[in-house]
Structures are given as C-alpha cells and as structure tokens.
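Here is how names work: the chains are called A, B, and so on, in the same order as the sequence lines, proteins then strands, and each is numbered from 1.
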Amino acid sequence: METTFFAYGALPLPDSGELGETLAELPHSEVLSYVAGLGVHTAAGTDVAPVLAATVEEVQARVDAIGSLRAALPFGIDGIVIKADLAADQREAGSGTRAPRWAIAYKLPAVEKITRLVSVEWNVGRTGIIAPRAVLEPVEIDGSTVGYATLHNPADITRRDLRLGDQVMVYKAGDIIPRIEAPVVHLRTGDETPIDFPESCPQCGSAIDTSEQRWRCTRGRNCRLVASVSYAAGRDQLDIEGLGATRVVQLVDAGLVTDFADLFTLEREQLLALDRMGETSTDNLLAAIETARTRPLSRVFCALGVRGTGRSMSRRIARYFATMDRIVAADVETLQQVDGIGKEKAAAVVVELVELAPLIAKLVAAGVNMTEPGATPPPEPGTEEAAAAGADTEAGGDGGTGSTLPLAGMTVVVTGAMTGALEKLSRNQMNELIERAGGKSSSSVSQRTSLLVAGDKAGSKRTKAEDLGVRIAVPEEFAELVGAFLAAGENA
DNA sequence: TCGTATGGCAACATCAATCG
DNA sequence: CGATTGATGTTGCCATACGA
C-alpha cells in the first residue's frame, strides 16, 4: 500500500551548521515553504492549507472552514493546529514537558459508536492504584477494533451511572484511546445490573484505601511486584531492552526476582532455563542489564517508583542533589528546595525513602550508579561547619564565581585505602585533588569536617565521623563528585 | 484560592527479532 | 516457518499538589 506523509515542521541535525541557525529563526510559515521547496509534501498543496491569521476571528473562520471541508478530504483529520508563526513568539511561549505551548490543537468531534458494556475488570497498577476497565462487545471504530475502555476510578462509574449490560457510546479520544462517553439510557431493558466495586484488593486481598478518588491497595507498590519491576525496567527508567511483562512474570514466578535490584545479580544459566529464553535473548538481556547499571541517578531514582516522582521530578531531584546519598539524607525542608516539591510531596518522599532504604542498599551493593553526571550539589545545609572553614565567601550569594566547584566551602578528610579510580593516588595527591575541587583538606575528623572519604579498612576516623554525623563517602562516590578534577590532576 | 504542571494510566496496531 | 514477545507511538482524562 502506498503511504504518504505531510511534513509539519523541520528540525536541524546537530551538525547542520548554518542551516540549523537559520531554521531556528525562520517563522513557521517560511520553514514550511522551505521544506516544500525541497520537494517534500506539506499541507500547502491541499484544500486545508495553512494560512496566516492575525486575529482570533480569522483563526475561528479558518477552523470553521476546515471543519466543513472535513468529510470531503481525501485523508482523515481529527482537528486543526493553531501555531505561533514567529520564532521569537515560539521561544517566549516555550514548551511544557509534554508539548510546545506555541502550538495548540482545536479538536473536531470524534466519531462515535454504540456497543454493550459486558463487564468491568479491576486492574492493580504498579503504585497499587486499582483501576476499573470496561470490557465491551468488540466494535469497529475508525479502523480499529475496540474491546476495552478505561473507566478511571469508581467515582467516575458512579457519576455516569453505568450498569452492566448498558448500551454505551464509545469514541476514540484524540482518535486513539477508546473512551466511554455515556450510557444510552433510553435503550435500557431493565435487565442491567449494578457494577460491583471490590471490597478488597483484587490482586492480593489486602484492604483498600478509598480515601482518594483513585482507590489504592494498602500495600501500595508492594502489591504488584511484577508491575514495579516492569516499571523500573521501562524506557524512561532503567531502559532494559528485552525485559517485557512476560519475562518479568517468569522471573518472579521462578523466584529469581523479589525486587528490581535482583535483576543485577541474575546469572546466565538461570535465564537460559526459562521458557523461550535462548542464547541470543539471554545474552542480549544480560548486556542490557549491564548497561542499566550505569544509568544516571535520575533514572535510577525514577525506577524506585516513589509516588509523585516521575521522569521530570526525578531529573530535578537528581540534578539538585547529585548523589543518592544526598537525596536519602535530605530532610523535608531540603527537599522543598527542589522546584515542584512542596510540603506534602517532600514529606511523602521522605517516608517512602525510608521504606526503600534496603532496596537502595541492595542496588549500591550491585554496583548500580548512584550519581548524576554533570550535576553539582549545593553547599551542605546546616553550614556552620562550612562557614567556620572560612571558605564560603562566595556561598553568600552575591558572587558565585567559585561556587561551581563541587567541594566549595567543604572540609574533607581522607581515610582508609582508596579504591576504583582513586586507587593509585597517594594521600598527598588526594589532598591536592580536594583543593583543586575547591575544598579544604584536613587530617583529622572534627565537628567542622563536612565529608569523610572512607576507603577499605578505615578505622577510628570513620567511627568518629559516624558519631559526629559527618557525611561519609566511599572512594567511588567521591571520584564521581570530583571526576573532572581527577582527570586534570593525572595529566599534570 | 485558583490556574496549571505533572504523574499515572489506558487501547490498539504494527513491526522486528527470536524461539521452538 | 509459525508463534511469541517486546518495543513503540499516539493523546485524553483525571486527580492532585504546587505555587503565585
């Protein structure tokens, strides 16, 4: 079958040089003309070509015109996009995390069909949320066969007074996701029955927390191990290719995985023993897991599945704290420094991180990366020590010249045997490294010490640091913290 | 107090890779 | 070679917490 596409924009490749800059400055209309000039199809050659509109009235007129042309078009449309033409306007509007704010869709009404609501299933998600899903008598809508539709939550069912056996209006929201619009009340026969709500978690039988609109199993993320692990392996988290739902179920059933940290200690023979896991799949999966070990902190943190922290929030948190240690050590006040975290979310995060401590420890033990590349942590809060160290003239806030150094304002003590990237460094070289990174090195632990780098066989200094509550880092973490300065020192 | 950004979820078709 | 599996793209809706 011959396929056609219409270009709706153009983006430069990273190395397109001058063209990249030109494209970024061109009004959208001219970008499209340019693309059309290259011989690429655009909507310009159709009956619903883009037009420049200067007023809201003109926009409305064009929307109406296109709407009335819809049925006669040789292709399907679900709406009309209204865009800011000038590059400067687009920049000013910017983008949210989902879509640009300078382009907005006017949606035409979707095509509807009537079918029967057969039953309702209750699915438990990775967070323990119990979501109702309607089972429909299959019906063809706009090229695909619809058999299910989400009902969101119990209140939604009540609000719309849905009953089993009802004839319901179904459409595809955005021409994609099936959705029940409403029951067709006048088609009722009297044989319809109420929809039963679950009284205990359909997954594990535990109690249900009904205090919010979305009901949750009281065991939360622990209710559905399979869902938690799948989420952790997902594209926006650890991105482990080849680990789909079926594989996860197998691993859990075989008892090989009790949390997602177990993925990192899987052995080849264990995987080969699973159904439909041959040599190729096994080796690919193992390689994917190895890669996952080095994902940035933002993704590892996201994989934990702390409620209210998805992709965006996890990135902000990781950038702010730079290491997992710092995130875990953060109190409610510190967490609120992160954009988008207020009182409630901060408290929830603290509580969940306590629960997750064993899992995090397990991940650390498995060698999973716990740092965010390129992120510089803020100066330690509770800065009496830092202030006393006298190195925080720039921490006051007016300047900021030296504040980009990772150890700015910190007093650091080294003890024990270094490992990893720092293995070959003498104590003196370590001290140099600390100072290059903006810190002050010292040889004894006191109240004024901000960080103790403790290697193997660390002794009394470590004990003292623990007593005083001084932050302790293993050499590997420290190496991450000062990575850039490490390379510089080696060459010198 | 209210507008809004974000998280979380859901349905389906389609294609490529791999297993048995 | 047929069957199984995973990956992917697409977007509306809802609830909630943030933050001005």
Does this structure show an ion pair linking [X] with [Y], if we count only N-O contacts that are shorter than 4.0 Å?
X: A:Arg299; Y: A:Asp236; answer: no
X: A:Arg159; Y: A:Asp161; answer: no
X: A:Arg116; Y: A:Glu137; answer: yes
X: A:Arg268; Y: A:Glu279; answer: yes

Taking only the side-chain heavy atoms of [X] (C-beta and beyond), determine which of [options] contains the nearest atom.
X: A:Ile129; options: B:dA13, B:dT18, B:dC9; answer: B:dC9
X: A:Tyr148; options: B:dA11, C:dC14, B:dA10; answer: B:dA11
X: A:Arg133; options: B:dA11, C:dC14, B:dC9; answer: B:dA11
X: A:Tyr231; options: B:dG8, B:dC12, C:dC14; answer: B:dG8

Identify all side-chain donor-acceptor contacts of residues 51-59 of chain A below 3.5 Å with residues at least two apart in sequence or on another chain.
from: A:Thr55; atom 1: OG1; to: A:Glu57; atom 2: N; distance (Å): 3.4
from: A:Thr55; atom 1: OG1; to: A:Glu58; atom 2: N; distance (Å): 3.1
from: A:Glu58; atom 1: OE1; to: A:Ala54; atom 2: N; distance (Å): 3.3

Below 4.0 Å: OP1/OP2 of [N] and any side-chain N or O of [X]:
X: A:Arg307; N: C:dT16; result: no
X: A:Asn284; N: B:dT18; result: yes
X: A:Arg126; N: B:dG8; result: yes
X: A:Tyr171; N: C:dC13; result: yes
X: A:Arg316; N: B:dT6; result: yes
X: A:Gln213; N: C:dC14; result: no
X: A:Thr127; N: B:dG8; result: no
X: A:Arg214; N: C:dT16; result: no

Reading DNA chain B from 5' onward, which residue's closest nucleotide shows up sooner: A:Ala134 or A:Glu279? A:Ala134
Both A:Ala131 and A:Met313 contact DNA chain B. Which one's nearest nucleotide lies toward the 5' end? A:Met313
Close residues, residues 112-122 of chain A, relative to DNA chain B [heavy-atom separation under 4.0 Å]: none
Please table the atom pairs, donor to acceptor, closer than 3.5 Å between any side-chain atom in residues 364-371 of chain A and protein atoms at least two apart or in another chain.
from: A:Asn369; atom 1: OD1; to: A:Thr371; atom 2: N; distance (Å): 3.3
from: A:Asn369; atom 1: OD1; to: A:Thr371; atom 2: OG1; distance (Å): 2.8
from: A:Asn369; atom 1: ND2; to: A:Arg295; atom 2: O; distance (Å): 2.8
from: A:Asn369; atom 1: ND2; to: A:Thr371; atom 2: O; distance (Å): 2.9
from: A:Thr371; atom 1: OG1; to: A:Glu480; atom 2: OE1; distance (Å): 3.1

Is there side-chain contact between A:Ile360 and A:Leu353, with heavy atoms separated by less than 4.5 Å? yes
Is the closest side-chain heavy-atom distance between A:Thr42 and A:Tyr8 below 4.5 Å? no
Base, sugar-phosphate, or nothing: which does A:Gln250 touch, judged by heavy atoms less than 4.0 Å apart? nothing
Applying a 4.0 Å non-hydrogen cut-off, can you work out what A:Ile240 is touching in the nucleic acid: base, sugar-phosphate, or nothing? sugar-phosphate
Surrounding CD1 of A:Ile104 (heavy atoms of other residues, nucleotides or ligands, distance under 6.0 Å), is the total greater than 12?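 No.
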In this structure, how many angstroms lie between the [atom2] atom of [N] and the [atom1] atom of [X], rounded?
X: A:Leu136; N: B:dA11; atom1: CG; atom2: C1'; result: 11 Å
X: A:Arg179; N: C:dG12; atom1: CZ; atom2: C1'; result: 8 Å
X: A:Arg160; N: C:dC13; atom1: CZ; atom2: P; result: 10 Å
X: A:Glu212; N: B:dC9; atom1: CD; atom2: C1'; result: 15 Å
X: A:Gln336; N: C:dC18; atom1: CD; atom2: P; result: 8 Å
X: A:Ile130; N: C:dC14; atom1: CD1; atom2: C1'; result: 17 Å
X: A:Glu241; N: B:dT18; atom1: CD; atom2: P; result: 11 Å
X: A:Ile289; N: C:dG6; atom1: CD1; atom2: P; result: 13 Å

Between A:Arg159 and A:Gly242, which residue's closest nucleotide on DNA chain C lies nearer the 5′ terminus? A:Gly242
When the nearest nucleotide of DNA chain C is assigned to A:Ser211 and to A:Leu243 on a heavy-atom basis, which residue is associated with the more 5' position? A:Leu243
Output all residues satisfying side chain to side chain donor-acceptor pair (under 3.5 Å) with [X], sequence neighbours left out; order by chain, then residue number.
X: A:Glu212; answer: none
X: A:Ser29; answer: A:Asp85
X: A:Asp253; answer: none

List in chain and number order the residues that pass ring-ring contact (aromatic ring centres under 6.0 Å, His included) with A:Phe197, two or more places apart in sequence or in another chain; answer none if no residue qualifies.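 For A:Phe197, the residues satisfying ring-ring contact (aromatic ring centres under 6.0 Å, His included) (neighbours in sequence not counted) are A:Trp122, A:Trp215.
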Listed in order of residue number, which residues of residues 338-350 of chain A have a non-hydrogen atom at under 4.0 Å from DNA chain C?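 A:Asp339, A:Gly340, A:Ile341, A:Gly342, A:Lys343, A:Glu344, A:Lys345 - these, ordered by number, are the residues of the stretch whose heavy atoms sit under 4.0 Å from the strand.
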When you measure from every atom of DNA chain C, which of residues 255-273 of chain A have a heavy atom less than 4.0 Å away?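 Hits under 4.0 Å, by residue number: none.
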Taking side-chain hydrogen bond (donor to acceptor under 3.5 Å, both in side chains) as the criterion, tell me which of A:Arg319, A:Glu372, A:Arg316 meets it with A:Ser298. A:Glu372
Would you list the pairs meeting salt bridge (Lys or Arg N to Asp or Glu O under 4.0 Å) in which at least one residue belongs to residues 22-41 of chain A, sequence neighbours left out?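 For residues 22-41 of chain A: A:Glu25-A:Arg91.
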Pull out every protein N or O sitting under 3.5 Å from an N or O of nucleotides 3-5 of chain C, one pair per line with the distance.
from: C:dT4; atom 1: O2; to: A:Arg276; atom 2: NH2; distance (Å): 3.3

Of all pairs that satisfy ring-ring contact (aromatic ring centres under 6.0 Å, His included), the ones with a partner from residues 225-284 of chain A, not counting sequence neighbours: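 Residue pairs passing ring-ring contact (aromatic ring centres under 6.0 Å, His included), neighbours aside: none found.
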